[in-house]
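Structure first, then comments.
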There are 2 protein chains.
Amino acid sequence: MAPSKSESAYRLLHEKITEGTFTPGYRLVLGAIAAELGCSVVPVREAIRRLEAEGLVTFERNVGAMVAAADMTLYLHTMQTLAIIEGAATALSAPFIDADQLAAARSINQAMADLLVDFDAVRFTELNNEFHQVLYRNCPNPHILELVQRGWNRLAAMRSSSFTHIPGRARESVKEHANLLDLIEANAPAAQIEQAARAHRTTTLNAYLAAANLPASPL
Amino acid sequence: MAPSKSESAYRLLHEKITEGTFTPGYRLVLGAIAAELGCSVVPVREAIRRLEAEGLVTFERNVGAMVAAADMTLYLHTMQTLAIIEGAATALSAPFIDADQLAAARSINQAMADLLVDFDAVRFTELNNEFHQVLYRNCPNPHILELVQRGWNRLAAMRSSSFTHIPGRARESVKEHANLLDLIEANAPAAQIEQAARAHRTTTLNAYLAAANLPASPL
DNA sequence: TCACACTAGATCGTATACGATTTCATACAC
DNA sequence: GTGTATGAAATCGTATACGATCTAGTGTGA
């Protein structure tokens, strides 16, 4: 069956926000979106409420909705949250990763390594997403999986506003990925995998914090 | 200004679900709720969409919404998620807990200890909530704080369907609380506080898992 | 008895309409 | 020039209405 109009509106907005078409601060005017979708405002309102609950949109009464604003603080808080959740997701997922998935992850990481010589940030980010998805996808706890996904979405929505690139981070990242794969392949203890997966993201976070003259994350 | 009807509907439903008036499986019929609130169905639909995104209700097209069903698996997954998030929240919060708050927490824990001789599960749960709130309230990361709150809400919504009580757990719990407070007072490293706070919840989780002949949580 | 078609009632999904509120530009007073 | 009143346009909030869809109950035939 065709999706409901409310569902279509939700998907459209979700995609435009996470893809970066609608950047932070972009106003979501009910009438305009309804017109674009060829529907009335009621389903659009519902879609916006859902996006609001996911943190992608902020909503003010009698004023309207806009794509959630992004500043450095918010971005870093989101990264910190994701570090924690994704670390757990990866550790819980690890025992269920089979040989094929491991091979796929290694191959993605190789592609990332190849990209280092002629760097393409967009492609690198894409591959990075794929890599991590393979790692946490088997997590048997659906709540955690959902939170990881939301974290990525929020980060994606904010990434459009360009943050300074951390020099040398890409190269480190590839190495950390390889290390993570080794731990998983060796059936390392969950706590160790969690620690490594979390640290992988925290390192980036701390680089940003250092650049802003802020203390490192304690976790 | 008076809250919008959509907001009122959201609050009403949220409260009834987390307070246990509406138990898992309870059908949320749009017309009935609208009538109870003295409004039309449009604001109610919005409220339900938000609750859906928070995981408190499930929604099926052309069928309607109901309070999210609760089975043991779901309950345990939620506990596991909360263990991870709350552990982090408590650790991040710890450096910002002042002497007054620490004293308040100790006093709440003492009240819990006093309750052990003439046990009252409802009151004990209330105090437990208060205790943990004091511990994670100062967490400077608003995303994490929000996730903790949502986790508690989901758990509260499910608790109504009575799960077996773990014998002796209350006494252990009070001891673990005291230990946690000592760590915080001594400015223990964040990782250690996180570990202790997480373990506090994981112990309960594992007791349930053991009772169901399932393996313990790896984290 | 069981399976299936059918009907009536309940409930949902969304368009439309209109009052309420905010925003923004303009005009005026100081 | 700065600040404040004013009014129009934009936008929101919600009631109402009605077609679409589901559910459950009833009857019919195998």
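These values consider heavy atoms only, across backbone and side chains, with no hydrogens, waters or symmetry-generated copies.
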What I want to find out is whether B/E146 reaches B/R150 closely enough, with some N-O distance under 4.0 Å, to be called a salt bridge.
yes
Provide, to the nearest angstrom, the distance between the CG atom belonging to A/L30 and the P atom belonging to D/dA9.
21 Å
Contacting residues from residues 51-67 of chain A, given that a heavy atom lies under 4.0 angstrom of DNA chain C:
A/N62, A/V63
For A/D118, I'd like to know if atom CG has over 12 heavy atoms of other residues, nucleotides or ligands within 6.0 Å.
no
Where along residues 36-46 of chain B does a heavy atom come under 4.0 Å from DNA chain D, residue by residue in number order?
B/C39, B/S40, B/V42, B/P43
So does A/R50 pair up with A/E46, basic N to acidic O under 4.0 Å?
no
Residues, nucleotides or ligands: over 12 heavy atoms within 6.0 Å of B/Y26 OH:
no
Between A/E194 and B/R198 (salt bridge meaning N to carboxylate O under 4.0 Å), is one present in this structure?
yes
Option passing side-chain contact (heavy atoms from CB on, under 4.5 Å) with A/I193 (candidates A/T90, A/L92, A/L135)
A/T90
If I take atom CZ in residue B/R49 and atom P in nucleotide D/dG13, what distance separates them, rounded to the nearest angstrom?
17 Å
Upstream residue (5' side of DNA chain C) when A/K5 and A/R27 are each assigned their closest nucleotide
A/K5
Residues forming a side-chain hydrogen bond (donor to acceptor under 3.5 Å, both in side chains) with B/E36, sequence neighbours excluded:
B/K16
In this structure, how many angstroms lie between the C1' atom of D/dC12 and the CD atom of B/E7, rounded?
15 Å
Checking B/H177 against B/H132 for the side chain to side chain contact (heavy atoms under 4.5 Å, CB included) test, could you report, in this order, the C-alpha distance in whole Å, the side-chain angles of both residues, the deciding distance, and whether it holds?
CA-CA 9 Å; B/H177 286 178; B/H132 284 285; 3.2 Å; yes
